[in-house]
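Below is one structure, written out as structure tokens; the observations come after it.
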Amino acid sequence: MAEVIIVADKAAAGALVAEEIARLVRTTPDVVLGLATGSTPLPVYEALPALLDGVDVSRVRGFALDEYVGITPGHPESYREVIRREVIEPLGLDPARIRVPDGSLDGIEHAGEDYERAITAAGGVDLQILGIGTDGHIGFNEPGSSFGSLTRVKTLTEQTREDNARFFDSVDDVPRHCITQGLGTILRAKHLVLLAFGAGKARAVAAAVEGAVTASVPGSAIQLHPHVTVVADEAAAAELANADYYRYTFANKPAWQGI
Ligand code: PGA
């Protein structure tokens with residue numbers, strides 16, 4: 001079962017997850033981080049610089065979850081740019097060690113395989129940060145995605161395009177295709193940390209954590225992984241049937257256990 005930690009707010013979630021990432025960087029300087037984009041991981045990225053102050057981050061490696069296909073290189077909402085702006089620069093990471101799937105049309109047929117090879121060559125992802133879409137997607141694995149899927153091109157649902165329209169001038173500007181790590185790729189990471197905030201995520205969180213394991217809810221793939229931490233605020237946790245048990249478990253957690 002995933003460990004579910006219900007926190008007061010985004011800042012508390014950010015501090016908790018950033019603490020674990022900082023611990024990893026201190027103990028494993030060439031740690032491989034799985035980086036998510038969107039609004040959800042921002043509290044983690046915002047908490048990290050203070051915790052990494054004075055820590056050597058020059059060898060930290062990272063792999064983003066996904067990228068839009070065909071988006072103009074340098075577009076501020078391409079995930080390559082988002083990762084540069086929100087992660088690489090504030091944390092002072094080496095850009096050469098941080099990969100984002102290549103969404104350019106030229107070579108898109110083999111971009112997924114290239115990405116998988118790079119992750120494997122790096123020894124796999126140590127800690128994968130995840131958000132969850134209102135439709136239950138993780139990465140950009142929309143409902144119906146195979147649990148065995150690897151990095152590949154997917155078609156975004158209209159729901160996801162509408163959810164992401166806030167980052168663009170209009171919904172028409174949101175690309176229709178993406179290249180995303182598959183559920184099979186995500187499941188290979190050593191530790192999954194899924195964050196969720198706000199009432200809009202409550203249904204997806206409950207379905208992913210407590211519902212049936214089904215490709216119709218890609219987030220439910222986390223139930224197949226041996227080490228998952230779900231960090232949710234009260235609103236996102238509101239539909240969890242076992243919320244009291246999760247609170248009790250966390251309150252009584254042995255001090256020697258990390259997340
Ligand atoms: P969000 O997106 O963090 O912007 O809410 C999450 C997701 O789509 O995975």
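Both counts, for ligands and for their atoms, begin at 1 and track the order of listing. All residue numbers in this chain count up from 1 along the given sequence.
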Subject >> Interfacing atoms of ligand 1 (cut-off 4.0 Å, heavy-atom, His137) >> reply: 7 (C), 8 (O), 9 (O)

Subject >> Salt bridge present between Arg84 and Glu89 (N-O < 4.0 angstrom) >> reply: yes

Subject >> ligand 1 atoms in contact with Gly38 (distance to a heavy atom under 4.0 Å) >> reply: 3 (O), 4 (O)

Subject >> Main-chain N/O of Thr160 paired with Thr157 side-chain donor or acceptor, under 3.5 Å >> reply: yes

Subject >> Atoms of ligand 1, numbered as shown, that sit under 4.0 Å from any heavy atom of Lys201 >> reply: 1 (P), 5 (O), 6 (C)

**OP:** Kindly say whether Leu156 contributes a backbone atom to a donor-acceptor pair with the side chain of Arg176 at under 3.5 angstrom?
**Re:** no

Original post:
Arg166: heavy atom below 4.0 Å from ligand 1, yes or no?
Top reply: yes

**OP:** Of the side chain and backbone of Ile132, name the one, both, or neither that has a heavy atom under 4.0 Å from an atom of ligand 1.
**Re:** backbone

Original post:
Is the backbone of Ile259 close enough, under 3.5 Å, to the side chain of Glu3 for a donor and an acceptor to pair up by distance?
Top reply: no

Subject >> Polar side-chain atom of Thr180 near backbone of Gly182 as donor-acceptor pair, under 3.5 Å >> reply: no

**OP:** Just jot down the ligand 1 atoms closer than 4.0 angstrom to any heavy atom of Thr40, in number order.
**Re:** 1 (P), 3 (O), 5 (O)

